[in-house]
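What follows is a single structure, written as structure tokens, with notes after it.
Only heavy atoms go into these numbers, but all of them, side chains included; no hydrogens, no water, no symmetry mates.
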Amino acid sequence: MRLTPAGNRFLDRRDALFAGAIDVEVEQMLLEGAGGELDRIASLRSSSCLVLNVFGPWRQHPSVLARVLGVETQHAQVSFEQKMPTGLAGTPPHLDVLLDTPTLTIGIEAKFLEIYGRTPNSLSSSYFRPGVWGGLDACRRLAERIRDGDAMFQWLGAAQLLKHALGLSANRGNFRLMLVWYRVDHPVAVEIDREIRRFEDAVGHEIDFSAVTYQELIPRFDSTYEPLPGYYAYLANRCGLSTSETGANRSVVNVRGGR
């Protein structure tokens with residue numbers, strides 16, 4: 001296991017991944033995405049690498065992942081870097097993880113350390129053409145506030161979340177948009193929590209939106225059942241994610257439309 005001279009990347013991206021986190025099909029998904037995620041996996045700060053290590057092994061057991069995310073089903077499919085065209089020109093939003101079930105689609109936007117750097121929020125003028133947002137009036141109003149310079153979001157990529165909501169609305173019927181982020185002991189984490197609440201207050205009555213940290217998510221799995229041998233030990237040793245993390249019983253932040 002070797003690093004580059006700068007010490008910030010693995011020379012072989014396979015060293016960054018849990019065995020079984022990625023296969024030929026997943027590699028093709030990443031190659032077809034527009035973000036060059038396959039090349040980014042080797043970085044020690046790679047959000048894509050963390051996504052694959054956590055969610056990749058569950059592709060062979062998608063109903064278990066669905067149950068952890070609150071959907072009881074025997075039929076589910078997990079994919080990565082899935083395009084959600086909005087009907088606008090340019091690169092469509094890509095979801096880090098997409099869980100499709102017969103009754104609900106869950107689109108996951110996942111963040112690692114990049115969420116601790118100030119995030120620019122912007123949407124091109126095409127998002128403000130008449131009819132673009134359809135029935136998502138609250139999302140449109142929040143997009144307009146961001147366009148007009150409201151600085152309510154400094155860390156949370158609210159504009160990106162709005163694009164995902166629009167893409168899911170255009171391509172799926174019943175959907176949930178989910179943010180999964182990595183919490184570290186830093187004052188910015190408190191600000192991120194506050195910004196998540198602001199986002200919920202603005203659009204949570206209109207769309208099904210959930211936010212959960214990786215540290216809260218992993219203990220929801222039944223640690224007696226592993227998708228692959230050594231999965232939980234790897235997450236604990238390499239990713240700092242334990243099935244017995246303090247606060248494991250904290251509820252997923254969840255605001256459903258109509259509530």
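- Without hydrogens or angle criteria, Tyr232 side chain to Leu241 main chain gives no donor-acceptor distance under 3.5 Å.
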#### Entry: Test side-chain contact (heavy atoms from CB on, under 4.5 Å) applied to Leu95 and Leu168, step by step
CA-CA 9 Å; Leu95 283 160; Leu168 283 164; 3.7 Å; yes
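- Applying the side-chain contact (heavy atoms from CB on, under 4.5 Å) test to Ile115 and every residue at least two apart in sequence or in another chain returns Lys111, Trp181, Ile192.
- Here the closest non-hydrogen pair linking Pro219 and Ser242 is CG-O, 3.4 Å.
- Using a 4.0 Å cut-off between a side-chain N of Lys or Arg and a carboxylate O of Asp or Glu, Arg59 and Glu25 qualify as a salt bridge.
- Remark: side-chain polar atoms of Glu206 are paired, donor with acceptor, to backbone N or O of Ala138 under 3.5 angstrom.
- Under a 3.5 Å cut-off, the side chain of Thr101 and the backbone N or O of Leu99 do not form any donor-acceptor pair.
- Following chains of ILVMFWY side-chain contacts shorter than 4.5 Å, one can reach Leu235 starting from Val184, so the two form part of one hydrophobic cluster.
- Between Arg67 and Glu72 there is a salt bridge, since a side-chain N of the basic residue sits under 4.0 Å from a carboxylate O of the acidic one.
- The side chain to side chain donor-acceptor pair (under 3.5 Å) contacts involving residues 144-158 comprise Arg118-Gln154, Arg140-Glu144, Arg145-Asp150, where partners must be two or more places apart or lie in separate chains.
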### Query
What's the verdict on side-chain contact (heavy atoms from CB on, under 4.5 Å) for Val97 and Ile106, showing C-alpha distance, side-chain angles and the deciding distance?
CA-CA 8 Å; Val97 185; Ile106 299 178; over 6 Å; no
Contacts table for residues 76-91: side-chain donor-acceptor under 3.5 angstrom, sequence neighbours left out:
from, atom 1, to, atom 2, distance (Å)
Gln82, NE2, Phe80, O, 2.8
Lys83, NZ, Glu32, O, 2.5
Thr86, OG1, Leu88, N, 3.3

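- Criterion: ILVMFWY side-chain heavy atoms under 4.5 Å apart, direct or through other members. Under it, Tyr225 and Val54 are part of a common hydrophobic cluster.
- You'll find the side chain of Leu217 reaches within 4.5 Å of the side chain of Phe55, heavy atoms only.
- Using a 4.5 Å cut-off on side-chain heavy atoms (C-beta onward), Leu69 and Ile108 make contact.
- Checking side-chain atoms of Tyr234 against main-chain N and O of Asn53 turns up no donor-acceptor pair under 3.5 Å.
- A distance below 6.0 Å separates the ring centres of Trp58 and Phe221.
- In this structure a side-chain-to-backbone donor-acceptor pair under 3.5 Å is missing from Arg45 to Phe112.
- Of the possible polar contacts, one joining the Arg198 side chain to the Met152 backbone as a donor-acceptor pair under 3.5 Å is found.
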### Task
Dump the intermediate steps for side-chain contact (heavy atoms from CB on, under 4.5 Å) on Ile196 and Phe209, then the final yes or no.
CA-CA 10 Å; Ile196 287 171; Phe209 173 73; 4.2 Å; yes
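- Remark: side-chain polar atoms of Ser47 are paired, donor with acceptor, to backbone N or O of Ala110 under 3.5 angstrom.
- No side-chain donor-acceptor contact under 3.5 Å links Asp100 to the backbone of Thr105.
- With Arg197 contributing its side chain and Asp193 its backbone, the two residues share no donor-acceptor pair below 3.5 Å.
- In this structure, Asp96 contributes its side chain and Glu109 its backbone to no donor-acceptor pair below 3.5 Å.
- Under the 4.5 Å side-chain heavy-atom criterion for grouping Ile, Leu, Val, Met, Phe, Trp and Tyr, Leu113 is connected to Val51 within one hydrophobic cluster.
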